[in-house]
Amino acid sequence: MDTFVIDGGRRLAGRVRINGSKNAALPLLAATLLTDQPVRLRDVPNLADIQNMLRLLRELGCEHRDAPAEGTPWSGTVTLAATDQSKSHAKYEVVKTMRASICTLGPMLARRGYARVSLPGGCAIGERPVDLHIRGLRALGAQITINEGDIIARVPTGGLTGNTIFMGGAFGSTVLGTANVMSAATLAKGTTVIECAACEPEIVDLALLLNKMGARISGQGSPRITIEGVDELGGAEHRVIPDRIEAGTYMMAAAVTNGEIILDNCPVDTLLSALDCLTEVGVHVEACNATPTTVPTRSAHRGCDDPMRCSVRVTSDRILRPVQVTTQPHPGFPTDLQAQLMTVLSLADGNSVITERIFPDRFLHVAELSRMGANLTRLGSSVIISGVRRLMGAQVMASDLRASAALVLAGLAAEGRTTIHRVYHLDRGYDRMEERLRSLGASIQRVDDREAVAAPVPAGC
Ligand code: EPZ
């Protein structure tokens with residue numbers, strides 16, 4: 001297993017391009033199951049989760065027409081055509097490694113009339129139920145049973161029927177639940193209204209692709225989405241939106257190292273709540289082609305030709321200020337940036353509070369950050385962060401994707417050496433993070449776990 005060895009205390013400076021969004025690409029890839037025509041996606045990130053999804057879709061009868069030859073570089077373009085409808089079982093072996101496989105359920109059911117998908121089970125950030133997915137598909141007329149750990153879904157004679165569906169749960173809307181029901185409703189008879197739909201940009205991107213394929217969806221990005229069913233969908237081309245969570249993570253890397261990073265292909269338009277919070281902390285995000293202003297971060301919009309894909313310069317005050325933040329469904333502060341923000345606030349001048357409203361147990365990073373000297377007190381679904389002057393390098397364990405990113409940020413800021421074990425968690429959502437951070441001046445190496453302890457001190461440390 002791979003390990004990161006980081007010698008902290010270096011200021012990051014330079015330029016990185018934000019990749020296509022993992023959380024947009026996964027449901028977009030699943031949507032190719034809705035037609036046997038080729039669907040071409042561009043700017044697909046090269047991540048472990050994406051490779052897992054491509055493997056699953058091949059098992060479900062999708063031809064990957066421009067699959068890169070062994071050893072050739074990833075082009076970012078993926079063309080899939082779901083020509084074989086005879087294999088409709090997303091097995092436990094794949095689903096257990098990537099719970100997002102659940103988003104194949106709706107598309108497969110709607111087009112084939114049958115789907116069998118392993119229940120994803122829980123993960124490091126919580127129980128991860130799928131009751132809302134099942135409730136939404138049943139509202140369209142699907143006959144769903146659970147057997148031997150699998151969801152078995154069938155469409156009644158006559159197909160799915162449009163309905164008005166409330167998709168809210170105890171923690172608000174569901175992103176992949178909305179993706180599943182919205183995708184299935186494109187081929188249902190009549191009109192479907194999803195109330196309490198997820199408003200995430202990734203849902204908007206999925207609706208955009210589905211409409212390019214011939215669907216008739218409106219209201220995406222709002223809590224009420226309307227889908228007029230059609231008889232069939234066809235092929236299309238689409239470019240994946242940039243990854244807002246990756247962008248937010250690199251912004252916070254600039255903050256914890258008091259660096260200056262330019263992010264290209266940055267979707268500032270999807271990060272307003274995070275930008276609002278970072279402004280309060282003392283982070284400055286300005287459109288590169290805008291004249292430097294003292295106006296708060298909203299100026300990131302000013303001068304941006306395309307606020308979904310713009311270049312921004314990120315700098316920060318030397319003294320970071322404490323804040324109180326609660327994670328919420330979009331457009332609120334994203335839960336996927338909560339761990340990374342905790343690292344930033346660990347170094348702020350004062351006491352902050354983070355409250356996690358989406359995954360109340362998403363705090364596996366607390367114990368590890370505390371081992372690096374962070375002063376954190378958990379109270380139920382909140383953590384009080386008393387800022388410290390510096391973090392200290394240590395051996396730590398990655399546990400889930402975003403907690404791993406938080407540990408990398410802490411290692412970059414810490415005095416001394418940090419060794420992060422099990423970075424395979426990180427590879428699920430960040431493409432070659434160590435290479436990109438090294439290009440910004442970080443001292444970070446990826447080594448095999450067995451070598452980690454004896455890793456040589458990198459030159460210039
Ligand atoms: C998506 O997961 C993202 N994953 C997650 O990102 C993200 O944290 C999450 O949305 C919330 O924004 C992908 O898009 C691949 P949810 P999803 O259904 O759709 C509860 C990352 O780090 N719930 O919106 O699975 C659920 O327990 C990952 O990139 C039910 O109760 O999340 C949670 O409390 C982690 N019943 C809340 O809703 C259901 O049927 C939101 O979950 C479904 C969800």
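Just so it is clear, the model here is predicted, and its values are computed rather than measured.
- Shown here for I245 and P334, the closest heavy-atom pair between the two residues is CD1-CB, 4.1 Å.
- The backbone N or O of N19 lies less than 3.5 Å from a partner atom in the side chain of E246, making a donor-acceptor pair.
- No donor-acceptor distance shorter than 3.5 angstrom exists from the side chain of N375 to the backbone of V388, with no hydrogens or angles considered.
- Under a 3.5 Å cut-off, the side chain of R378 and the backbone N or O of G380 do form a donor-acceptor pair.
- At a threshold of 4.5 Å between non-hydrogen side-chain atoms, the residues S381 and R357 count as touching.
- The heavy-atom pair separating Y250 from I261 by the smallest distance is O-CD1, 3.8 Å.
- Partners of T343 according to the side-chain contact (heavy atoms from CB on, under 4.5 Å) rule, which considers only residues two or more places apart in sequence or in another chain, are V256, L369, A406, L409, A410.
- Of the possible polar contacts, none joining the S311 side chain to the D264 backbone as a donor-acceptor pair under 3.5 Å is found.
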Stepwise side-chain contact (heavy atoms from CB on, under 4.5 Å) check, L337 with M252
CA-CA 9 Å; L337 285 176; M252 294 187 199; 4.1 Å; yes
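- The closest side-chain heavy-atom distance from R422 to M397 is below 4.5 Å.
- Taking 4.0 Å as the cut-off between side-chain N and carboxylate O, R17 and D431 do not count as a salt-bridged pair.
- A salt bridge does not link R244 to D269: none of the charged side-chain nitrogens sits closer than 4.0 Å to a carboxylate oxygen.
- Electrostatic pairing of D43 and R309 does not count as a salt bridge here, judged by no charged N lying under 4.0 Å from a carboxylate O.
- Between the T178 side chain and the A198 main chain, a donor and an acceptor come within less than 3.5 Å of each other.
- Remark: side-chain polar atoms of W74 are paired, donor with acceptor, to backbone N or O of V44 under 3.5 angstrom.
- Across all non-hydrogen atoms, the minimal contact from L132 to G168 is CD2-O, 3.8 Å.
- L210 and A31 make their closest contact through CD2-CB, 4.0 Å (heavy atoms, listed as atom of the first residue, atom of the second, distance).
- Side-chain contact, Q51 with N46: a donor N or O sits under 3.5 Å from an acceptor N or O.
- R402 contributes atom CZ, which lies 9.5 Å from atom CD1 of I125 (distance to the nearest 0.5 angstrom).
- Judged purely by atom type and a 3.5 angstrom limit, S273 uses its side chain to pair as donor or acceptor with the backbone of G332.
- Remark: side-chain polar atoms of R10 are not paired, donor with acceptor, to backbone N or O of L440 under 3.5 angstrom.
- The shortest non-hydrogen separation linking A24 to I241 is CB-CG1, 3.8 Å.
- For the atom pair Y424 OH and T97 OG1, the distance stands at 11.5 Å (nearest 0.5 Å).
- You'll find the side chain of V117 reaches within 4.5 Å of the side chain of M108, heavy atoms only.
- The list of salt bridge (charged side-chain N to carboxylate O under 4.0 Å, His left out) pairs with a residue in residues 330-339, not counting sequence neighbours, reads D336-R362.
- For the residue pair H365 / Q338, a side-chain donor-acceptor distance below 3.5 Å is found, with atom types taken as modelled.
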Hey, mind stepping through C288 and R313 against side-chain contact (heavy atoms from CB on, under 4.5 Å) and telling me if it holds?
CA-CA 6 Å; C288 277; R313 174 181 290 102; 4.2 Å; yes
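- A 4.5 Å side-chain heavy-atom check between M342 and E356 finds every atom pair outside the cut-off.
- Of the possible polar contacts, one joining the H425 side chain to the S399 backbone as a donor-acceptor pair under 3.5 Å is found.
- D2 contributes no side-chain N or O that, together with a main-chain N or O of V423, makes up a donor-acceptor pair within less than 3.5 Å.
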Evaluate R40 against E237 for salt bridge (charged side-chain N to carboxylate O under 4.0 Å, His left out), listing each step before the verdict.
CA-CA 5 Å; R40 170 166 295 160; E237 276 214 29; 3.7 Å; yes
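- Side chains of T164 and E195: no donor on one and acceptor on the other come within 3.5 Å.
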